[in-house]
Amino acid sequence: MGERISIELAGRNLILETGTVACQADGSVLVTYGETVVLVTAVSSREEREEADFFPLLVNYIEMTYAAGRIPGGFFKREGRPTDQEILNSRIIDRSIRPLFPAGFLGDTQVIATVLSVDQENDPSILGIIGASAALEISDIPFDGPVAGVRVGRIDGEFVLNPTTSELERSDVDIVVAANREGIVMVEGGAKIVEEKAILDAIFFGYEAARPILDLQEELREKWGKEKRVYTPPEEGGPLWEEVKGYVMPLLSEAFRIPAKIERRDRIEQIFQEVQERFVAEDGTNRSLVKRAFEAAEREIVRSGVFKEGRRVDGRGLTDIRPISCEVGLLPRTHGSALFRRGETQVLAVTTFGTSEDEQKVESLLEGEIYKHFMLHYNFPPYCVGEVAPLRAPSRREIGHGALAERALVPVLPSKDEFPYTIRVVSEVLESNGSSSMATVCGGCLSLMDAGVPIKASVAGIAMGLMMEGDQVAILTDIIGDEDHHGDMDFKIAGTREGVTAMQMDVKVPGVSKEVMERALEQAREARLCVLEVMNKTLDRPRSELSKHAPRIVTIQINPDRIKDVIGPLGKNIRSIIEKTGVKIDIEDNGIVKIASPNAQAIEEAIALVKQSAAEAKLGEVYIGIVKRITDFGAFVEILPGVEGLVHISQLAEGRVRRVSDVVKVGDEIKVKVIEIDREGRIRLSRKAILQEERAERRRREPPRRGFHHRRRY
């Protein structure tokens, strides 16, 4: 018999249910919110990896298309590799629960969140966080939870808890907050250039809203929770521990004063090899203890420099930013390019323009099929950190960092109507020592401006760090890799001069208070303004013209009823125009035609051909047409492609016409005038009107006749 408990949350019931499905997992919970249902399971092996360098946690978030009543597209008709959104949601769950496992626990642990039903209004990723925590809480797996996740929006200045998909469209804030009893554990989200105070208020609005969810999980654990398995924390201290630390502390103190990352890393590895040779027994029984003592010494040196000397690994003060340099227009054939360097982190960002054909089709459970006209892709090749590794598909980290940088830049982009291009930015990380995602934001912004994208404002990003020892709190600006590894928080924030556009925070301590978050946000704002100042010295506004290699897009409007004539039977006409001019043509259902090419003359030629194909007859206009058919009562003449009108037998000539064939034959080219277009669009033409006008014109031009004039005399 299962257990089912619920609370009301933002006007909807949040239900946790266990003991009914997936009972062989160590913990399983069915989470329901509205009509969205997510099954989350947690399983951990009984044996631990003693030599593992990090906690082996694997989180998989899976969206089943049947949850939205759809069948997967593609040939195989089943779910395939994870989508980017599934990977991003997996990362959000992972980052929310990972800090709450006890230090040193190394059992292989897997959390799987499967979306079983989705109502297109309630986000299943939030249920994934709640379900993962609840499944771990009721299992026997060591876990210092619970943790709860909520989404926060802001509509018309008012914060909204767990906004629906339709509400998010009107929101200027979209933030996911994960919190436990002690404070904030994880933050991920974006905003439409919103001031720091509002961001802070949104985060802690989410923190307060998460409390009832924590209560609900604790109630479930009390009723259904298993006794936690016996877990013995790894040994620390003792004579060997102290001996290793005593030996390496002076050596590491010297090594951590080497400013260059690679030289510092090589020296530390050399010291570690010496320590292993000196202290590890021949049978290797104490290898793990020696390694942990070495790492403890590293951590102590990095952190003591901050707290005792106010000095960081590379010699900077706590608020100092590494030297920054920027360059734009490096690559001659690309549409826009920029090189951004901050210390030992270097990013090359390249912008490319395309047409609507290049938009990315995304299948979303919440939104159905959508098309993205802006994409940012982040690449982290192994050479950027001096390593050797096979090149494979983008890692979860690469997808996550790319999504963060993309979110940071979206609020300043022009609308598709203002700038009808598909835009792709690619970030190549050439060197990395901390905050390559924020360097991607800066380089990506410069690259967009170099390409001539009319963005609303420049965007910069900075990574902040945190170290806590008792009552001591140190907030670090522009952290490097060693500070990230040995610190307690990694807080990335991007925005313009006016406000925040994106943020991401991960912590390794139980929770971060509002006071600390407020200090970090203010310190990050000051740093961001400094970075923007350097960027603006290189390029402070978008270029007025696009690259000569970029396609020009011209938009014209045609009658939607004439689209079929522009396309032609089986696409024959539009293919002919494309082959003749070399342009790209995109036709929308509302009659908007977009023509793209780097060649202005080709665009003009294509415009003329499209207009000709889509032209409509106008009352009173004269056309040269071709006789297509002859009947007893008149001739049908094609005056435009696909447009025919009738020349009645009475309108063929000035005099009486006995037979139509006496005047015209099929294939003849004749000049006609449109004399009537009725309500059904039928066109009446006249050849007689043209003949009459031509005769009148000839008379007008003929000179007056000369002769004698007799005057009668009286």
Side-chain angles (χ1 to χ4, degrees), residues 51 53-54 103-104 234-281 284 286-324 341-346 382-388 431-436 463-470 472-490 508:
E51 297 300 322
D53 292 328
F54 57 91
E235 178 187 355
E236 290 188 3
L240 179 59
W241 179 279
E242 296 301 330
E243 189 177 354
V244 171
K245 285 187 65 178
Y247 176 79
V248 301
M249 287 291 279
L251 298 176
L252 287 176
S253 295
E254 181 184 346
F256 273 111
R257 291 186 179 274
I258 299 173
K261 173 189 170 181
I262 299 299
E263 294 177 18
R264 182 170 63 249
R265 182 195 66 186
D266 291 345
R267 176 56 182 148
I268 291 171
E269 287 180 356
Q270 183 183 8
I271 296 170
F272 181 62
Q273 293 300 323
E274 294 174 9
V275 168
Q276 285 189 309
E277 293 172 5
R278 185 181 183 95
F279 294 102
V280 175
N286 61 351
R287 184 183 304 276
S288 177
L289 178 65
V290 170
K291 181 180 179 182
R292 290 198 306 277
F294 185 88
E295 291 172 346
E298 284 186 291
R299 177 180 173 85
E300 187 175 326
I301 289 169
V302 171
R303 296 169 71 91
S304 65
V306 169
F307 288 112
K308 294 180 181 178
E309 305 174 33
R311 179 188 180 280
R312 297 159 66 177
V313 170
D314 54 6
R316 284 181 292 151
L318 304 191
T319 61
D320 292 343
I321 302 172
R322 290 170 291 173
I324 296 172
R341 177 190 285 274
R342 180 165 51 210
E344 293 178 294
T345 295
Q346 185 185 56
Y383 64 75
C384 74
V385 287
E387 295 178 355
V388 176
E431 294 182 48
S432 178
N433 186 17
S435 192
S436 56
M464 310 297 294
L466 172 71
M467 293 184 183
M468 300 174 66
E469 293 286 352
Q472 291 182 291
V473 176
I475 298 173
L476 312 180
T477 296
D478 184 23
I479 59 173
I480 62 174
D482 289 317
E483 292 166 339
D484 186 9
H485 181 67
H486 296 292
D488 298 321
M489 179 184 78
D490 175 18
K508 303 172 189 175

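Heavy-atom basis, side chains included; hydrogens, waters and symmetry copies ignored.
Side chain of Glu483 to main chain of Ile480: a donor-acceptor pair is present (N/O by atom type, distance under 3.5 Å, no hydrogens or angles). Lys508 places a side-chain N or O within 3.5 Å of a backbone atom of His485 that can act as its donor or acceptor partner. No side-chain donor-acceptor contact under 3.5 Å links Thr345 to the backbone of Ser436.
One distance of note links CZ of Arg316 with OG1 of Thr477; it measures 8.5 Å at 0.5 Å rounding. Atoms OG and CD, from Ser432 and Gln346 in turn, are 11.0 Å apart once rounded to the nearest 0.5 Å. Atoms CD and NZ, on Gln472 and Lys308 in that order, are 9.5 Å from each other to the nearest 0.5 Å. How far CD1 of Ile301 is from CD1 of Ile268: 8.5 Å, rounded to the nearest 0.5 Å.
A pairwise comparison of heavy atoms in Leu252 and Ala297 identifies CD1-CB, 3.9 Å as the closest pair. The two residues Val244 and Ala293 come nearest to each other via the heavy atoms CG1-CB, 3.8 Å. Considering every non-hydrogen atom in both Val385 and Arg265, the closest pair reads O-NH1, 3.0 Å. Nearest heavy-atom pair, Asp490 versus Ala463, reported as atom, atom and distance to 0.1 Å: OD1-CB, 4.4 Å. Nearest approach of Met468 to Arg303, heavy atoms of both residues: O-NH2, 2.7 Å. Nearest heavy atoms, Ala255 versus Ile271: CB-CD1, 4.0 Å.
Residue Glu242 places its CD atom among more than 12 non-hydrogen atoms of other residues, nucleotides or ligands, all under 6.0 Å distant. Around CD of Glu263, the count of heavy atoms belonging to other residues, nucleotides or ligands within 6.0 Å does not exceed 12.
With respect to Arg312 and Asp320, no salt bridge is recorded, no charged nitrogen being found less than 4.0 Å from a carboxylate O. Salt bridge annotation for Lys261-Glu431: absent, with no cationic side-chain nitrogen under 4.0 angstrom from a carboxylate oxygen.
Screening Phe272, Phe294, Tyr247 against Phe279 for a ring-ring contact (aromatic ring centres under 6.0 Å, His included) leaves a single residue, Tyr247. Each of Ile479, Val302, Leu318 was checked for a side-chain contact (heavy atoms from CB on, under 4.5 Å) with Met467, and the lone residue meeting it is Val302.
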Trace of the side chain to side chain contact (heavy atoms under 4.5 Å, CB included) decision for Val280 with Lys291: CA-CA 9 Å; Val280 175; Lys291 181 180 179 182; over 6 Å; no
Candidate pair His486 and Val313, rule side chain to side chain contact (heavy atoms under 4.5 Å, CB included), full reasoning: CA-CA 11 Å; His486 296 292; Val313 170; over 6 Å; no
Residue pair Arg342, Ile321: steps toward the side chain to side chain contact (heavy atoms under 4.5 Å, CB included) verdict: CA-CA 8 Å; Arg342 180 165 51 210; Ile321 302 172; 4.1 Å; yes
Derivation and outcome, side chain to side chain contact (heavy atoms under 4.5 Å, CB included), residues Arg322 and Asn433: CA-CA 11 Å; Arg322 290 170 291 173; Asn433 186 17; 4.2 Å; yes
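In this structure Glu236 satisfies the side chain to side chain contact (heavy atoms under 4.5 Å, CB included) test together with Trp241, sequence neighbours excluded.
Using a 4.5 Å heavy-atom cutoff, the side chains of Leu251 and Arg267 are in contact.
Side-chain N/O atoms of Arg257 and Ser253 include no donor and acceptor closer than 3.5 Å.
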